[in-house]
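Below is one structure, written out as structure tokens, with a few remarks after it.
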2 protein chains.
Amino acid sequence: MNRFLSHATNRIDAKGRVSVPSAFRAAVSEAGVRELYCFQDFVFPAVSVGGPELLDRFERQMAAEDPFSDAANQMSLLVHGGGVFVKLDPEGRLMVTDFIRDFTGISTDVTFVGRGDHFQLWEPRAFARAQVEARERRKQRGLRPE
Amino acid sequence: MNRFLSHATNRIDAKGRVSVPSAFRAAVSEAGVRELYCFQDFVFPAVSVGGPELLDRFERQMAAEDPFSDAANQMSLLVHGGGVFVKLDPEGRLMVTDFIRDFTGISTDVTFVGRGDHFQLWEPRAFARAQVEARERRKQRGLRPE
DNA sequence: TGGGACCATATGGGCGTCAATGGGAGAAGC
DNA sequence: GCTTCTCCCATTGACGCCCATATGGTCCCA
């Protein structure tokens, strides 16, 4: 699996570290990446994490918009200026900084959520709520997956 | 048989495992799959299980939309983040995790329900009720095909 | 037609491995 | 010198793999 799929919740230890699920670590190292880039999501109260190619994704998104629009400006500010680098320790853990805590509401546990080409850090209950909401929205739209 | 048909109920053992019916296992191994992807159904209190092609179907649907829209984000959250991988042990059993239990209400027994290209996990009595309901609905509609 | 052997599936439990977690010590920065 | 971060090692608990047993059904043969 070279993509980020599924989800898992891990505990933050006394030093503020949390283990990245092994499936995600495998996907990261498979891409040969040791340093990850992360920034605040545009839609959800979550922090997105990925390799350098994650920047490409948002540059594509920005390219899809008028480069001088407000939206493109804000996106650049958040992605280029607002992002931070995160390193994994030899055991595959990362430090949960205030940058992450403040935006997500994370305090003691982190839910890692696969998003295909990247993954996200969520406060566990916020993730549960967002899922319920997304499901409700789909029902309202009457869209069926099949 | 390369499709999932009929239904069967098996007991969860002390370690939280349950045997996948042999007919379903045959259909799975015929596709050469050892790792299954499963996620919560959009309509019923059931967990859907299938091979990677189940994921492909959702991704095709996502690809049809604006990839950066809210709708696509929510879809990704449910499909990429909401699913979990399930492995079968050498005897063809799977672990019934809390992810499955909480959503379906399964506690001691699991009803496996074939759905053509995938199958589902149900709490036995919930499945019985859903069948009765479906039958009633059809009667009300005068047995017209949809 | 009845009994018995055989086979496949389902089920139960032991054990090793690995991921997650906790804590200590050295190194680097304030 | 104190704090903070990084690396290293220990612990533990869950999960995957293995082998053993039970149960029900089918086939064969008397």
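Only heavy atoms go into these numbers, but all of them, side chains included; no hydrogens, no water, no symmetry mates. Per chain, numbering begins at 1; letters A, B, ... match sequence-line order.
- At a cut-off of 3.5 angstrom, counting only N and O atoms as typed in the model, there is a donor on one side and an acceptor on the other between the side-chain of B:Arg93 and the base of C:dG12.
- Atoms CG (A:Asp13) and P (D:dT6) sit 13 Å apart, rounded to a whole Å.
- A side-chain contact (heavy atoms from CB on, under 4.5 Å) with B:Phe39 holds for exactly one of B:Val79, B:Leu54, B:Val84; it is B:Leu54.
- One can place CD1 of A:Ile12 at 15 Å from C1' of C:dG22, the figure rounded to the nearest angstrom.
- Comparing B:Arg11 and B:Lys15 by the nucleotide of DNA chain C whose heavy atom lies nearest to each, the residue mapping closer to the 5' end is B:Arg11.
- A:Arg3 and B:Glu59 are joined by a salt bridge, as a carboxylate oxygen and a charged side-chain nitrogen come within less than 4.0 angstrom of each other.
- Residue contacts shown for A:Ser22 are limited to sugar-phosphate atoms, with no base heavy atom under 4.0 Å away.
- Base contact: B:Arg17 has a heavy atom under 4.0 Å from a base atom.
- Taking 3.5 Å as the limit, the base of D:dC18 and the side chain of B:Glu91 contain a donor-acceptor pair of atoms between them.
- Regarding B:Phe112, its CZ atom lies at a distance of 15 Å from the P atom of C:dT9, rounded to whole Å.
- Rounded to whole Å, atom P of D:dA14 lies 19 Å from atom CG of B:Leu94.
- In this structure, the CG atom of B:Asn10 is 13 Å from the P atom of D:dG24, given to the nearest Å.
- For the pair A:Leu88 CG and D:dC8 P, the computed distance is 15 Å after rounding to whole Å.
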